[in-house]
Amino acid sequence: GSRPDTVMLSGSAQPTPRLPSTHLLNRLLFSTPFRRRLTIDDFEIGRPLGKGKFGNVYLARLKESHFIVALKVLFKSQIEKEGLEHQLRREIEIQAHLQHPNILRLYNYFHDARRVYLILEYAPRGELYKELQKSHTLDEQHTATIMEELADALTYCHEKKVIHRDIKPENLLLGFKGEVKIADFGWSVHTPSLRRKTMCGTLDYLPPEMIERRTYNEKVDLWCIGVLCYELLVGYPPFESPSHNETYRRILKVDLRFPPSLPLGAQDLVSKLLRYQPLERLPLAQIMEHPWVRAHSRRVLPPSVQMAS
Ligand code: ATP
Ligand code: MG
């Protein structure tokens with residue numbers, strides 16, 4: 001990690017543990033006799049976890065090691081029909097190289113005549129979107145924890161020159177302890193998810209520079225987590241409106257209004273992220289050290305793994 005030294009501050013953000021590399025995991029978990037490629041016969045398939053636009057996701061277990069994964073099955077015919085071969089390759093390429101406790105791991109992939117299979121980390125607590133639908137809002141603890149996790153994960157991404165561009169509850173999964181896992185890399189950009197029935201739902205997280213089709217940079221992710229923080233605490237996104245045009249207008253004006261019940265610390269954080277000028281948005285390192293985040297975050301990190309070389 002290359003974040004500034006903050007170890008002296010009590011209650012300050014902890015350094016991210018090292019995770020085993022994809023290469024090492026593949027040697028440990030997915031090695032097959034005579035180094036043949038994996039096939040679907042190496043897995044026991046369990047219950048469906050969900051349906052995507054191009055195929056389904058199943059709980060699955062490797063026969064040999066009993067290692068549990070989520071297997072995403074995509075149909076080649078559909079991907080080809082939509083001309084998304086390059087996009088899929090890019091998603092695989094990006095996600096396979098990201099190793100962080102708050103980014104959904106892509107361990108490996110294989111294909112047969114009709115399908116492409118992505119071997120993904122299993123997120124036992126499912127989607128943040130569903131959790132939000134069920135409980136309407138999250139409390140300060142849970143929201144602050146998610147903000148710290150996302151700031152740390154995005155710091156890692158931005159160091160690798162990866163911009164997510166599509167942070168929203170639909171693209172966030174939850175791990176065993178409720179920790180957030182960013183999913184849907186570089187894919188959802190070209191295939192906006194149709195989960196929210198009203199089209200304006202998909203506009204709620206768009207930053208001004210993307211609406212105005214200006215060139216944008218990694219600071220779009222700061223805007224998105226500002227919108228997310230508001231939605232998690234308030235129950236609806238900040239610029240939600242009856243029509244597209246109205247949503248666009250409110251985003252471009254940064255027409256931000258806080259319900260009086262929203263804690264002042266959270267108001268301070270959100271208003272420092274939702275700035276029209278990308279350069280004025282609070283940097284990721286300062287989100288992690290923001291007083292409201294430090295006061296409420298209960299982030300738990302997985303045990304660090306010693307690397308065998
Ligand atoms: P898109 O095709 O645009 O990505 P999507 O995000 O709705 O659409 P998938 O990513 O294919 O579709 O996932 C479908 C659903 O399966 C998710 O919404 C989620 O509920 C579940 N799911 C996907 N991956 C995992 C995982 N690794 N662990 C647990 N559940 C998962
Ligand atoms: Mg998805």
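We count ligands from 1, going down the list as the structure has it; atoms in each ligand are counted the same way. Worth saying up front: this structure is predicted, and the values here are computed from it rather than measured. The first residue of the sequence shown is numbered 1, and numbering continues consecutively from there.
Listed by number with element, the atoms of ligand 1 under 4.0 Å from a non-hydrogen atom of E121 are 26 (C), 27 (N). Counting atoms of ligand 1 from 1 in the listed order, those under 4.0 Å from a heavy atom of G50 are 14 (C), 15 (C), 16 (O).
Using cut-offs of 30° and 60° for the angle between ring planes, the W292 and H296 rings count as tilted.
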Exercise. Quick one: do W223 and R281 satisfy side chain to side chain contact (heavy atoms under 4.5 Å, CB included)? Show the steps, please.
Key: CA-CA 7 Å; W223 177 276; R281 296 173 196 156; 3.7 Å; yes
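Each ring-ring contact (aromatic ring centres under 6.0 Å, His included) pair with one or both residues in residues 132-158, not counting sequence neighbours, appears once here: H100-Y156.
With a 4.0 Å heavy-atom cut-off, ligand 1 is reached by the side chain of K72 but not by its N, CA, C or O. For D184, every heavy-atom contact with ligand 1 shorter than 4.0 Å involves the side chain, none the backbone. Of the heavy atoms in L49, both backbone and side-chain atoms come closer than 4.0 Å to ligand 1. The proximity of A70 to ligand 1, defined as any non-hydrogen pair under 4.0 Å, is limited to the side chain.
Below 3.5 Å of separation, one finds no N or O of N171 facing any N or O of ligand 1.
Across L118, L104, L173, heavy-atom proximity to atom 25 (C) of ligand 1 is greatest for L173.
When the side-chain hydrogen bond (donor to acceptor under 3.5 Å, both in side chains) test is applied to E93, no partner is found at least two apart in sequence or on another chain.
Using modelled atom types, one finds no donor on one side chain facing an acceptor on the other under 3.5 Å when comparing H164 with D184. In the model, E212 has a side-chain atom that pairs as donor or acceptor with a side-chain atom of Y276 under 3.5 Å.
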